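Report on the following structure.
Because the structure is predicted, anything quoted here is derived from the model rather than measured.
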Amino acid sequence: MKVEKLDHYGRGIIKIDGKIGFIKNALINEDIEIKIIKENKKYFEGESIEISNKNIDRIDPICCYYNNCGGCHLMHMNNNLQKDFKTNKINNIMNKFLDSNIKINDVVKVNNLNYRNKVVLHVKNNKLGFYKDKSNDLIEINECLLLNDKLNEIISILKDYIKEETNINKITIKLGNITNEIMLIIEGSVNNYYKLLEISDVLVINNEVITDKKYINSYIGNKKYVVSKNSFFQVNYDIATKIYDKVRNYIGKLNSKNVLDLYCGAGTIGIYISDLVDSVLGIEVVSDAISDAEINKKINDVNNINFLLGKVENLTDKISNKFDTIILDPPRSGLDKKVIETLLKIKPENIIYVSCDPLTLARDLKILEDKYNIIEVTPYDMFCNTYHIECVTRLEKK
């Protein structure tokens with residue numbers, strides 16, 4: 001079969017007798033022999049087992065686990081093709097959902113490998129690795145090419161450690177940007193944790209912090225933040241810094257005064273732009289994140305930012321028209337209906353929307369474009385070699 005185009009997950013699209021098929025590891029215009037691995041009434045999924053007339057931008061994946069792991073989706077594409085794929089993805093989604101012509105900037109890329117500062121590993125039968133795509137079958141690994149080298153060093157030590165510890169189920173490793181501090185989060189039964197103390201600055205076992213130190217320190221740009229066991233922190237230092245700089249640049253050019261930072265997490269963006277404005281109010285539902293935000297406020301000597309704990313949609317009464325600019329950084333599911341209704345009611349002059357899912361972004365922009373001009377969308381390749389893409393969008397009241 002000939003591959004017609006790619007879907008938003010990087011799979012090749014073909015048709016057999018009018019039924020659409022999604023084929024892993026296939027590129028446009030390639031002739032492929034396929035094996036069907038899943039089928040229902042509307043579509044089927046498959047994998048390519050032989051490829052002729054290969055796309056000139058196809059490369060051999062440098063990861064030996066690529067075909068089984070499922071963590072990466074695009075490693076058979078060279079850098080230019082990955083960038084083109086993500087550019088086309090954003091354009092297609094925006095053109096499909098939105099009425100207006102949107103300015104979409106080039107995808108911002110930095111590092112294709114060794115960019116992740118966090119990894120979640122599973123343990124089975126004294127083996128350490130990732131689950132195979134769409135299964136609980138473990139793929140044992142020696143290293144992951146997406147991880148910072150420091151994390152791969154820790155993995156090599158842990159591989160020996162779990163041969164002695166037979167009841168560990170999962171291990172999460174977090175790395176502090178710039179500081180290189182390590183947090184280990186262990187789930188399962190541990191007999192000898194002293195060896196883990198030798199390789200970690202913070203050790204958490206079954207949600208209990210064993211060390212005196214409760215968090216590691218990490219940087220974005222010149223701002224220092226704490227990272228605790230349950231808090232979210234951006235996994236790609238270089239791209240996160242570029243995104244925060246973009247938001248900061250907008251705030252400066254717009255001459256924003258009173259900023260509302262919704263889904264603020266540990267206050268990272270609000271603190272990053274705080275010196276440019278009169279006041280910032282952050283709202284976040286995760287209590288540990290708010291605790292971290294209060295610490296971050298102190299260590300960065302910021303006095304004009306405050307935080308509220310709770311669901312954004314339940315605190316809409318706290319959102320008033322005194323805010324001239326609102327920063328949105330919601331989870332993958334996008335904005336709650338009540339939040340959008342409140343935004344359209346108070347109509348701040350400017351909205352800066354940071355999104356990790358272009359589909360829910362486009363859905364929300366479709367509603368907001370009734371009252372707002374969508375000035376531009378800038379995509380960021382936060383998760384290189386995967387189909388994920390981050391975007392920063394600026395909206396201006398009509």
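The existence of a salt bridge linking E39 and K19 is confirmed by a sub-4.0 Å separation between a basic side-chain nitrogen and an acidic carboxylate oxygen. Taking the charged nitrogens against the carboxylate oxygens, D245 and K242 have no contact shorter than 4.0 Å, which rules out a salt bridge.
The minimum heavy-atom distance between I205 and Y193, with the atom names listed, is CD1-CB, 3.7 Å. For N180 against D201, the heavy-atom pair with the smallest separation is O-OD2, 4.4 Å. Nearest approach of D336 to E313, heavy atoms of both residues: OD2-CB, 3.3 Å. Closest non-hydrogen pair, L308 versus K318, comes out as CD1-CG, 3.8 Å. Listed here is the closest heavy atom pair of A240 and Q234: CB-CB, 3.7 Å. When all heavy atoms are compared, the tightest approach of I239 to D381 is CG1-O, 3.6 Å.
The CG atom of L309 lies 8.0 Å from the CD atom of E284; values are rounded to the nearest 0.5 Å. In this structure, E349 CD and E396 CD are separated by 8.0 Å, a value rounded to the nearest 0.5 Å.
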### Task
Run the numbers on N258 and D278 for side chain to side chain donor-acceptor pair (under 3.5 Å), then give the verdict.
CA-CA 6 Å; N258 299 302; D278 292 341; 5.3 Å; no
### Task
Step by step, work out the side chain to side chain donor-acceptor pair (under 3.5 Å) result for E376 and N105.
CA-CA 7 Å; E376 64 177 1; N105 296 320; 3.0 Å; yes
### Task
Take D357 and R363 through the salt bridge (Lys or Arg N to Asp or Glu O under 4.0 Å) test and state the conclusion after the steps.
CA-CA 10 Å; D357 189 322; R363 178 203 67 196; over 6 Å; no
### Task
Show the numbers, then the answer: is there a ring pair (Phe, Tyr, Trp, His ring centres under 6.0 Å) between Y225 and Y219?
CA-CA 6 Å; Y225 303 100; Y219 279 84; 8.1 Å; no
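No side-chain donor-acceptor contact under 3.5 Å links T179 and N217. Side-chain contact of S231 with D292: a donor-acceptor pair under 3.5 Å is present, judged by distance alone.
With sequence neighbours left out, the salt bridge (Lys or Arg N to Asp or Glu O under 4.0 Å) criterion links K83 to no other residue.
Under the 4.5 Å side-chain criterion, counting only non-hydrogen atoms from C-beta, L184 is not in contact with V202. Taking the side chain as every heavy atom from C-beta outward, I352 and T393 never approach each other to under 4.5 Å.
With side-chain heavy atoms closer than 4.5 Å counting as contact, directly or through intermediates, the hydrophobic cluster containing Y131 also holds L138. Other members of the hydrophobic cluster containing I14, listed by chain and number, are M1, V3, I16, I23, I32, I34, I36, F44, I51; membership follows side-chain contacts under 4.5 Å among ILVMFWY residues, whether direct or relayed.
Both I326 and L365 are part of a single hydrophobic cluster, where members link through side-chain heavy atoms under 4.5 Å apart. The hydrophobic clustering, which links ILVMFWY residues whose side-chain heavy atoms are closer than 4.5 Å, places Y353 and M94 together.
Only one option out of D261, V280, L260 pairs with I327 in a side chain to side chain contact (heavy atoms under 4.5 Å, CB included); it is D261.
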